[in-house]
Amino acid sequence: MTEETAKLYAWATARCARSEACRADIRLALARRSVYGEAADSLLDRLEDEGYIDEARYARAFVHDRSRYDRWGRVKIGAALRQKNIASSLINAALQTEIDEAEYAATLRALLAAKRRSVKADTPEQLRQKLVRFAASRGFEADLIFQCIDLLEETEEDKA
């Protein structure tokens, strides 16, 4: 192993030890360091073999963090992982294991309630459309969006 390869390996292992990374993340970082082709592939393979890169582990951590802290929906999370070339089977498994259904729905209801307080609309239909667009932009599924908006409207009617 050359001195430059050893330095790259040390950098990559330190990077992977700090936080979860996928092949795409490390490949991009290597490209910024002008490392391409066979050299990059060889280093990535070694990192995977030694457990520094584990795309299933990465997908689970990504889903957990984006759903809990960033409050993204499944659609947006899945799209972000597909952009990083994570296998669909790993994405689906991570979405199923890391997202609690009750917490997920509660998150959307809280987001919609907060948004409803701040949005300006002339008609109830216009308000509904703005809430749907907002929730869809956060990556939530249409059926859950409509269920939560209906529940929010029912709650508002009960208060009135």
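Numbers here simply count residues along the sequence, with the first being 1. Note that this is a predicted model, so its numbers are computed, not measured.
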Would you please name every residue forming a side chain to side chain contact (heavy atoms under 4.5 Å, CB included) with Lys130, sequence neighbours left out?
Val119, Gln126, Arg133
Kindly compute the distance separating CG (Leu28) from CZ (Arg33), expressed to the nearest 0.5 Å.
12.0 Å
Mind checking whether Tyr104 and Phe140 have parallel, tilted or perpendicular rings, split at 30° and 60°?
tilted
SG (Cys22) and CD1 (Ile86) are apart, to the nearest 0.5 Å, by 4.5 Å
Quick one: are Arg68 and Glu98 in side-chain contact, heavy atoms under 4.5 Å?
no
Show every salt bridge (charged side-chain N to carboxylate O under 4.0 Å, His left out) that has at least one partner inside residues 107-122, sequence neighbours left out.
none
May I have all residue pairs that pass salt bridge (charged side-chain N to carboxylate O under 4.0 Å, His left out) and include part of residues 79-89, sequence neighbours excluded?
Asp25-Lys84
Under 3.5 Å, is there a donor-acceptor pair between the side chain of Ser67 and the main chain of Val63?
yes
Exercise answer: donor-acceptor pairs, residues 72-81 side-chain atoms, under 3.5 Å, sequence neighbours excluded:
| from | atom 1 | to | atom 2 | distance (Å) |
| --- | --- | --- | --- | --- |
| Arg74 | NH1 | Glu141 | OE2 | 3.1 |
| Arg74 | NH2 | Glu101 | OE1 | 3.2 |
| Arg74 | NH2 | Glu101 | OE2 | 2.2 |

Here the pair of heavy atoms bringing Trp11 nearest to Ala29 is CH2-CB, 3.4 Å
Arg128 CZ to Thr123 OG1 distance, which is reported to the nearest 0.5 Å:
11.5 Å
Flag side-chain contact, heavy atom, 4.5 Å: Leu43 against Val35:
no
Separation between CG (Leu131) and SG (Cys148), nearest 0.5 Å, reads 11.0 Å
Restricting to side chain to side chain contact (heavy atoms under 4.5 Å, CB included), what partner residues turn up for Arg57, sequence neighbours left out?
Glu20, Asp54, Arg60
Is the side chain of Tyr36 donor-acceptor paired with the backbone N or O of Ala31 at a distance under 3.5 Å, no angle test?
yes
Residues that Ala142 engages under side chain to side chain contact (heavy atoms under 4.5 Å, CB included), provided they are two or more places apart:
Phe146
From Leu112 CG over to Leu108 CG, what is the distance, rounded to the nearest 0.5 angstrom?
4.5 Å
I need the Leu30 CG to Asp41 CG distance, nearest 0.5 Å.
10.0 Å
Heavy-atom distance under 4.5 Å between the side chains of Arg23 and Ile53, does that happen here?
yes
Is any side-chain heavy atom of Asp70 less than 4.5 Å from a side-chain heavy atom of Asp65?
no
Would you mind reporting whether Ile145 and Phe134 have side-chain heavy atoms less than 4.5 Å apart?
no
